[in-house]
Amino acid sequence: MDTAPRLSANDVTFRAATDADVDVLVSLVESAYRGDSSRAGWTTEADILQGQRTDPQGVRDVIESPAGKLLAVERDGEVVACCQLEHRGDHAYFGMFAVSPALQGAGLGKVIMAEAERTAREAWGVREMHMTVISVREDLIAWYERRGYRRTGKMTPFPYGDERFGLPQRDDLQFELLVKPLG
C-alpha cells in the first residue's frame with residue numbers, strides 16, 4: 001500500500017469534470033472499488049460487493065447537477081482521482097471519491113480531501129462536510145476518522161435489489177453518516 005511515491009498538491013491539478021470525462025471517470029471508480037483491479041489498492045469493496053459501483057448516467061448526473069460538482073484530479077494530464085461535492089443547505093456532501101489503485105497509499109487522498117473541504121467552504125460557506133460509508137468498512141472509516149470525520153451512528157439502508165449500486169455479497173450492509181466540522 002505505501003510503495004507509491006508520496007504526492008502533494010503540487011503534483012496534481014483539480015478541475016471540474018465535464019461530459020467528455022464520463023467514460024474515464026466510470027473506469028476510475030470501478031477500478032478503485034470493484035473487481036480484481038481494485039485489489040491493487042486498499043479501498044476495494046470486491047469482497048462485499050460485486051457488479052458495478054457506478055455507470056455513465058450516474059457520473060453524468062453528478063457532473064450536471066446544479067447543486068454540486070465532480071472534481072477531476074489530474075497528474076501529468078491523466079485523470080487519477082475524483083470526488084463529488086454537493087451543496088445541501090448548511091453542509092456539503094462528499095462522495096464518489098476514487099483514487100487510482102496504483103496511487104493509493106501515496107498521500108493523494110489526503111490532498112484531495114483538503115481541497116474538497118476548502119472548495120466547499122469557499123464556494124458555499126458551509127461549516128460541515130457529510131459523507132456516507134458502508135458501515136462494515138472499518139479500515140476506511142478509521143482513515144476518515146484520522147482526517148477529522150466522526151461517526152454519527154446514523155444509518156441508512158443499503159439499496160438491496162438495485163443493481164446500480166452493486167450486488168451485495170452479505171446481508172448486513174448499511175451506510176453510516178460521517179461528519180466533519182469545517183471550521
- Task: Check the pair D19, E64 against side chain to side chain contact (heavy atoms under 4.5 Å, CB included), reporting the backbone distance first and the verdict last.
- Result: CA-CA 8 Å; D19 283 341; E64 295 173 356; 3.3 Å; yes
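Of all heavy-atom pairs between L173 and P168, the closest is CD1-CB, 3.9 Å. For L70 against C82, the heavy-atom pair with the smallest separation is CD1-CB, 4.5 Å. Across every non-hydrogen atom of A9 and V111, the tightest pair is CA-CG1, 3.7 Å. Shown here for A67 and W124, the closest heavy-atom pair between the two residues is O-CZ2, 3.8 Å. The nearest pair of heavy atoms linking I112 to A81 is CD1-CB, 3.3 Å. Across every non-hydrogen atom of P101 and S31, the tightest pair is CG-O, 3.1 Å.
Put simply, the side chain of V12 does not reach to within 4.5 Å of the side chain of E115, judged on heavy atoms. Residues I48 and R137 are in side-chain contact: their nearest non-hydrogen atoms beyond the backbone lie under 4.5 Å apart. H130 has its side chain within reach of L177: a pair of non-hydrogen atoms, C-beta onward, lies under 4.5 Å apart. Considering only heavy atoms from C-beta on, R6 stays 4.5 Å or farther from D11 through its side chain. In this structure, the side chains of P159 and F175 come closer than 4.5 Å at one or more pairs of heavy atoms. Counting heavy atoms from C-beta on, the side chains of M96 and L28 never come closer than 4.5 Å.
Cluster membership for F158 and V133, using ILVMFWY side-chain heavy atoms within less than 4.5 angstrom, is not shared. Under a hydrophobic-cluster definition in which Ile, Leu, Val, Met, Phe, Trp and Tyr are linked whenever side-chain heavy atoms come within less than 4.5 Å, directly or via other members, F14 and F97 are assigned to the same cluster. In the hydrophobic clustering of ILVMFWY residues, with side-chain heavy atoms under 4.5 Å counting as a link, M113 and L182 come out together. L49 and L140 are not part of a single hydrophobic cluster, where members link through side-chain heavy atoms under 4.5 Å apart. V179 and W143 fall into different hydrophobic clusters, where Ile, Leu, Val, Met, Phe, Trp and Tyr are joined by side-chain heavy atoms under 4.5 Å apart, directly or via other members.
Atom CG in L71 sits 11.0 Å away from atom CD1 in I63 (nearest 0.5 Å). For the atom pair CZ of R75 and OG1 of T13, the computed distance is 11.5 Å after rounding to the nearest 0.5 Å. Atom NE2 of H91 is separated from atom CD of E86 by 8.5 Å, given to the nearest 0.5 angstrom. Put simply, OG1 on T156 and CD on Q174 are 8.0 Å apart, with the number rounded to the nearest 0.5 Å. Considering CZ of R60 and OG1 of T18, their distance stands at 10.5 Å, rounded to 0.5 Å. Taken to the nearest 0.5 Å, the OG1 atom of T54 stands 11.0 Å off from the OH atom of Y33.
Other residues, nucleotides and ligands place more than 12 heavy atoms under 6.0 Å from the NZ atom of K180. For CZ of R15, the number of neighbouring non-hydrogen atoms (other residues, nucleotides, ligands) closer than 6.0 Å is greater than 12.
Only one option out of T132, L85, L178 pairs with F94 in a side chain to side chain contact (heavy atoms under 4.5 Å, CB included); it is L85. Just one residue in the list H87, E128, M129, Q84 forms a side chain to side chain contact (heavy atoms under 4.5 Å, CB included) with Y93, and that residue is Q84.
Note on E138 versus R151: salt bridge recorded, some NZ/NE/NH1/NH2 to OD/OE distance being below 4.0 Å.
Not one N or O on the side chain of S65 forms a donor-acceptor pair closer than 3.5 Å with the backbone of D61. With R34 contributing its side chain and Q52 its backbone, the two residues share a donor-acceptor pair below 3.5 Å.
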